[in-house]
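Lettering of chains follows the sequences in order, A, B, ..., and the numbering in each one begins at 1.
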There are 2 protein chains.
Amino acid sequence: MNGLRYCFLALFLFQVTAHSRGTGDMGVLIERGSGSVQIIETSGNTSLGRVEGLGDLSHASVVYSRDERFAYVFGRDGGLTKVDILNAEITARTLQSGNSIGGAISQDGRLVAVSNYKPGGVKVFNADTLELVADVPASFNGGDLRSKVIGLVDAPDQKFVFALWDAGEIWVLDMADWAQPKIEKYRNIGRNPYDALITPDGRYYIAGLFGEDGMALLDLWNPSAGVKRILPDYGKGEQKLPVYKMPHLEGWAVAGDLAFVPAVGHHEVLVINMRTWQEAGRIKVHGQPIFVMARPDGRQVWVNFALPDNDTIQIIDTQSLSIVKQLKPGKGVLHMEFEPRGEEVWLSVRDEDRVEVYDTQTFKRKAFMPATKPSGIFFTARAHRIGL
Amino acid sequence: MNGLRYCFLALFLFQVTAHSRGTGDMGVLIERGSGSVQIIETSGNTSLGRVEGLGDLSHASVVYSRDERFAYVFGRDGGLTKVDILNAEITARTLQSGNSIGGAISQDGRLVAVSNYKPGGVKVFNADTLELVADVPASFNGGDLRSKVIGLVDAPDQKFVFALWDAGEIWVLDMADWAQPKIEKYRNIGRNPYDALITPDGRYYIAGLFGEDGMALLDLWNPSAGVKRILPDYGKGEQKLPVYKMPHLEGWAVAGDLAFVPAVGHHEVLVINMRTWQEAGRIKVHGQPIFVMARPDGRQVWVNFALPDNDTIQIIDTQSLSIVKQLKPGKGVLHMEFEPRGEEVWLSVRDEDRVEVYDTQTFKRKAFMPATKPSGIFFTARAHRIGL
């Protein structure tokens, strides 16, 4: 009867390993406290599993493979981990630098890029194997110095765009030919770009400047026009406000012609007309905004805040530009992620060790679950979007 | 040894049935000639299987469950079929009317609605089981008559929007409470609405009119403003052109502020400013356009044509408004579907019994595969979009 025993064992193992389900409603939560990710699904709002051993996950972010099965997790310590979210296991992992921040996946899904602080530059990996494909040092000053890289995003046509903190430059890396990466460099874009975003259509790359006011704009449809300065009043201003945390730019909310942007240091959300790149209004809010995120239909914008106001969420109606609701989920609301069609939103409440799910129409809390110091929340629908 | 035999059988069956893979890069092709759908994936551009027995699939369309595992196929004969694309099998099927056209899935993914010609109305089903949840007859004229229903779409907040061909009305069906559906009716919107679309943000519902010129616009953010007439010159005009096929409206292409719209009867694509709803230009094209579809980044618009020009595709650059490329894939190019981030596009070439895949940057054909009189192509990324 040994045969029967082995057969049952095989059946058991097969059942354990072959998880069969759609992956369109899945996602991961970063658990900063334990260096793990929790795998969740948004149809029933439940936890499906946990993967540990991902290193230092402060400021970690995630992109997804085009089949929505693999999460690429970018750790603060230079770790790049490919996680199979169907089977809750690590498929590949590399410690690719000493200090990194963020990454991106190419339009065709075949390349993953990581932006590094130390040594400063971008490394590009085969998304399948995590083998190194290209190493792009962020050299400047005639090659003597290397800059920290920030604001790395993907753009159409197998391009990656990023900014050099120390050099004040924006680079466009064209990876259409793996063996011969091409780089376009835009110099003198402003002092110390600290974060950047690309608009959802992949056209405009916008970098925020820490060293001066205003923002740097590159129109990727008209790259020969170079980098322009927009929003000359955007920044800390002459009086040098106390800034508790520089706001994230990835969270720029776009609704129709309007972008909603966290003001630096002020208790305000700025409204910007994206056709003219002029300021179109200011909305008074509860504290210094960090993330300003649009519900997928653009009807609402949800805002979280820096300390000491990070227990609060405010919700802005993008038509009336008024605050329609305030929530107090708990201390340390670090991140928000909308379900793809916007009916629910997930919040990570770090200091309460939980994530919460809200109905975006009724503002009622529909679910919550424990998580170890949760920060970023990332759903698989990002796989289908440009610049996420 | 019977136990061993059964165990191997169980192992074999389990292996056959439990397909484990991500579903984000999958899709189906409608095979009109054989009443089947072919299941495909877009990472390697291959066919994964076929499901038969779906009835009359002329003009068939598809929506996806929020986990991207199940395709709901709406047949012309009133058949509604739920297909498990992971396991290539029919999960549920109902012949819910005698004659239907199109359907939609609610924002939360829990309801599927079908628009029926005969008897005229909308039926709403539990997306899980396909049990009937609500039957909404399209009654008018004091309840004496029933209208054909067209242009059914989903909108945020568990709403469905559709138009009544015979009655000249637009209805908004609110399914937030399954037991108590609510209907808002907009009357006298124009004669014979024949198709409609909702903008990607779920805000504007626009119906084309067969019985007169112009289009009917409902702003769902301001429903009390009622339905307005826009584009007074849109239609067949006073001279009553020969129209070989009324163009599809679902394919409205939006790029920035501009929408690109097939002109009725003319060899033109109209450019419309969506802020003012005024015509902003006309582009001469090869024939009477049927689908005018934007690449996901909005940089290109691909156009196919009615007979006798249905062997041709033209590609418009949305910045210069000029035609940058013409392709001749073969006779009967019926539909196009872009991969979610736009690097490739699939075309169905009905009369050649094949589908083709093109690189949208080089315009080179990258793959093709046989299909039986293919028409519509639908990728799972639609699960994450409003109005698709």
Using non-hydrogen atoms and a 4.5 Å limit, figure out which bit of [X] sits close to chain B: side chain, backbone, both or neither.
| X | answer |
| --- | --- |
| A:Glu339 | side chain |
| A:Thr42 | both |
| A:Ala381 | both |
| A:Ile105 | both |
| A:Asp359 | neither |
| A:Asp154 | side chain |

Q | Aromatic plane relationship, A:Trp302 with A:Phe363 - under 30° parallel, 30 to 60° tilted, over 60° perpendicular | A |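 The rings of A:Phe363 and A:Trp302 sit tilted, inter-plane angle from 30° to 60°.
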
Toward chain A, the part of [X] with a non-hydrogen atom under 4.5 Å:
| X | answer |
| --- | --- |
| B:Thr318 | side chain |
| B:Arg385 | both |
| B:Asp84 | neither |

Q) So, does B:Gln107 use its side chain to make a donor-acceptor pair with the main chain of B:Ile386 at under 3.5 Å? A)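 Looks like no, no N/O pair under 3.5 Å.
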
Q: Output yes when a side-chain donor or acceptor of A:Gln361 lies under 3.5 Å from a complementary backbone atom of B:Asp157, and no otherwise.
A: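 Not at all, since once roles are kept as given, no pair shorter than 3.5 Å links the two residues.
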
Q) Looking at B:Phe70, does the NZ or CZ of B:Lys82 lie under 6.0 angstrom from its six-membered ring centre and within 45 degrees of the ring axis? A)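 Output yes; distance and angle both within limits.
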
Q. Do A:Asp174 and A:Phe160 touch side chain to side chain, with heavy atoms closer than 4.5 Å?
A.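 SC-SC contact between A:Asp174 and A:Phe160 ruled out.
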
Any salt bridge between [X] and [Y], counting N to O under 4.0 Å?
| X | Y | answer |
| --- | --- | --- |
| B:Arg203 | B:Asp219 | yes |
| B:Glu68 | B:Arg382 | no |
| B:Glu343 | A:Arg66 | yes |

Q: Please determine, among B:Ala383, B:Pro340, B:Gly342, the option with the most heavy-atom pairs under 4.5 Å with chain A.
A: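 Heavy-atom pair counts peak at B:Pro340.
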
Between [options], who has the most heavy-atom pairs with chain B when the cutoff is under 4.5 Å?
| options | result |
| --- | --- |
| A:Gly109, A:Ser106, A:Ser65 | A:Ser106 |
| A:Arg299, A:Arg69, A:Arg110 | A:Arg299 |
| A:Met26, A:Arg275, A:Arg21 | A:Arg275 |

Q) What about the rings of A:Trp346 and A:Phe379, do their centers lie closer together than 6.0 Å? A)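 Yes, close enough.
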
